[in-house]
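What follows is a single structure, written as structure tokens, with notes after it.
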There are 2 protein chains.
Amino acid sequence: MATMREVAGRAGVSTATVSRALSGNPTVDPDLAARVRSAAHALGYRPNGVARSLRRQTTAVLALIISDVENPFFTAIARGVEDTAQSAGYSVVLCNSDESTAKERRYVDVLLQEQVAGVIVSPTSAAGALEPLWDNGTPVVAVDRPLPGLECDTVLVDSRVAANVATTHLAAQGYQRIGCLTGPVGVHTADDRLAGYRDALRAAKRRSAADLVRRAEFRTVGAKRSAADLFGIAEPPDGLLVANSTMATGTLEAMSELGLRAGRDVGLVAFDDSPWATLVDPPLTVISQPAYQIGTMAAQLLLARIGGDARAPRTITLNAQLVVRGSSHR
Amino acid sequence: MATMREVAGRAGVSTATVSRALSGNPTVDPDLAARVRSAAHALGYRPNGVARSLRRQTTAVLALIISDVENPFFTAIARGVEDTAQSAGYSVVLCNSDESTAKERRYVDVLLQEQVAGVIVSPTSAAGALEPLWDNGTPVVAVDRPLPGLECDTVLVDSRVAANVATTHLAAQGYQRIGCLTGPVGVHTADDRLAGYRDALRAAKRRSAADLVRRAEFRTVGAKRSAADLFGIAEPPDGLLVANSTMATGTLEAMSELGLRAGRDVGLVAFDDSPWATLVDPPLTVISQPAYQIGTMAAQLLLARIGGDARAPRTITLNAQLVVRGSSHR
DNA sequence: CTCAGTTGAGAAATCGTTTTCCCGCAAGTT
DNA sequence: AACTTGCGGGAAAACGATTTCTCAACTGAG
């Protein structure tokens, strides 16, 4: 790999001039600059980003820590982040914390060592693992879930309201015993969606039966078990709010095994729209979250911070949208 | 951020000793080492990875360039790569080339600048955009698709055989006019799957009607259009091989709009298993590819190269598996 | 008691840029 | 003619670690 010295030698100038010429500094004579450029080209010179980062004390890399790479909601966020970062000249490192605080901590360590310019994170739980970023002054933007202790820019979706709307919709469709299948205790979106569900039942003057609520990992298998369990109780629910799309597949699997039909037997609404939601029979009513937009907004906020924006942290709350399809009416 | 100098100052030693102590070099006195460690801890010292990389002339970062972040097949690969890299102390940068050679080229540039230790790539087309990696001596492993011109480690799935098996299965189920919906010309997997389809028809002594083959982007919308088109011709197919899961959703959408039922009206087999494949009615017969394993194998090959393995490049071909469900029989 | 051999640790070079500082030269001013 | 100004570009410092030299001190053998 050709270094700057070699380019300088070939062009008969100092490395300082090479640096200036290649970075388009106007104080360098056009002829000289051309000579430098052609020398660089001839040698196939490519600046060493590591050396540059060391000197500049910053890198053109953003990090995105998500809790599940295989969840389409998060990959859609990733795409939003990437597109925005890309067009600002930044690249994106994607890290998969797998909902594990230990992994999150490890990644934070790596990211600090690599001196990334900023971090977007969907926090696993408490802010503990992220402290070091704050200590270091690295800008952080939280997405999907707030970061309780720390003050930082945050991009959320109003899950609680959305869950409320969805539950109210189910009640309005005549479903009597509406249940809720949500994520683990402590995962903010899981708690939030449960809260919205309860808000709706309270508003509808319905008894919020504790035995109609189940919690599981945000994954297919656990959700399937919990759903089967829920449908097996003495007075099973005839309506169900499911907290994300991977859990929805688990729920549908359980229902199919039990011979329950969505809509007719159980009114069903799930968070997150998926390409397959219209393919199942009946099509699935969903709460569609603007995932891509979450990504772009988060990236914009982060880039602003990196650019020196020192205003008070902002929290942006986007709205989810109830998309009514066949699974939520008889 | 505390630097090594500060740690050295606090411990009353030189930076050289700090470096040695922290890297576990046995030539440093245990007491001293302990003193250094406690000084480092007290200052919250964290080595500067950029400086380290500059000096060591290598980084502990692998890159993975995939052609579609939102395709579950590729995210499953990503997970395999990540898990393997992680446990070897490497982190992974995920880049999304979006099937665009230009984007691929840009990423290669960034990765060279950042001096990543190695690259795993699902190449978009010709090897052109990847040349610079070779020039630089960066180890490369190709996944999913071979890299025609260049010699490098490769992890593939035998798509052609799998397509053949699937098509033969459709023929055996009594479907007469079997079509194929595949990806763009030049994308190796698309061509390969088409070739396998043709192999099967030839072996079954069937006429391989050119008008039963359609090509589209590996995406939902294009596939939907092509499928609708295909079902609209004078003598439409009664069987169809679809080249990936995003195209399968498009196909199913088109079929549902046309009132066609899988299995009964059209025998259907698609590449890639998805969590929703069992939820549609009838459940979708698929060719399941070992995506996670592709990722782990690729990462292992790459890590071996980084470790100095100089043997001749290997090509590993994994097998896909036909999972017969309801969509491929009457 | 001396000298070779070992061990531990500091000084300084190094990685490849960017950036600061400074100097020489030419043009403009009085 | 002497004196500022301004501009272009070179020399060298800096970034923060690792690693090579190098050397002092100590050990043990003869």
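So you know, we letter chains A, B, ... as the sequences are listed, proteins then strands, and number each from 1. None of the values given here were measured: they were computed from a predicted structure.
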Nucleotides 16-23 of chain D: protein proximity per nucleotide (B base, S sugar-phosphate only, - neither; heavy atom, under 4.0 Å): BBBBB---
Rounding to an integer number of Å, can you tell me how far B:Gln113 CD sits from C:dT17 P? 10 Å
How close or far is atom P of C:dT20 from atom CG of A:Asn25, stated in whole angstroms? 11 Å
Protein-nucleotides 23-26 of chain C N/O pairs closer than 3.5 Å?
none

Pick one: which of B:Arg311, B:Arg305, B:Arg314 meets salt bridge (charged side-chain N to carboxylate O under 4.0 Å, His left out) with B:Asp153? B:Arg305
If I take atom CZ from residue B:Phe218 and atom CZ from residue B:Phe73, how far apart are they, to the nearest 0.5 angstrom? 10.0 Å
Measure the shortest side-chain to side-chain distance between A:Pro184 and A:Glu99 over non-hydrogen atoms and say whether it is less than 4.5 angstrom. no
Looking at CG of B:Asn136 and CD of B:Gln115, how far apart are the two atoms once the value is rounded to the nearest 0.5 Å? 7.0 Å
Hey, could you give me the CG/CZ distance between A:Asp83 and A:Arg79, rounded to the nearest 0.5 Å? 6.0 Å
Separation between CD1 of A:Ile120 and CD1 of A:Ile65, rounded to the nearest 0.5 Å: 10.5 Å
Let me know the distance between CG of A:Leu22 and P of C:dT18, rounded to the nearest Å. 8 Å
Whole-Å distance, A:Asp31 CG to D:dG8 C1', equals 13 Å
Could you give me the CA-CA distance, side-chain angles and deciding distance for B:Ser100 and B:Asp98, then say whether side-chain hydrogen bond (donor to acceptor under 3.5 Å, both in side chains) is met? CA-CA 5 Å; B:Ser100 134; B:Asp98 245 339; over 6 Å; no
SB check A:Arg106 B:Glu82 (cutoff 4.0 Å): no
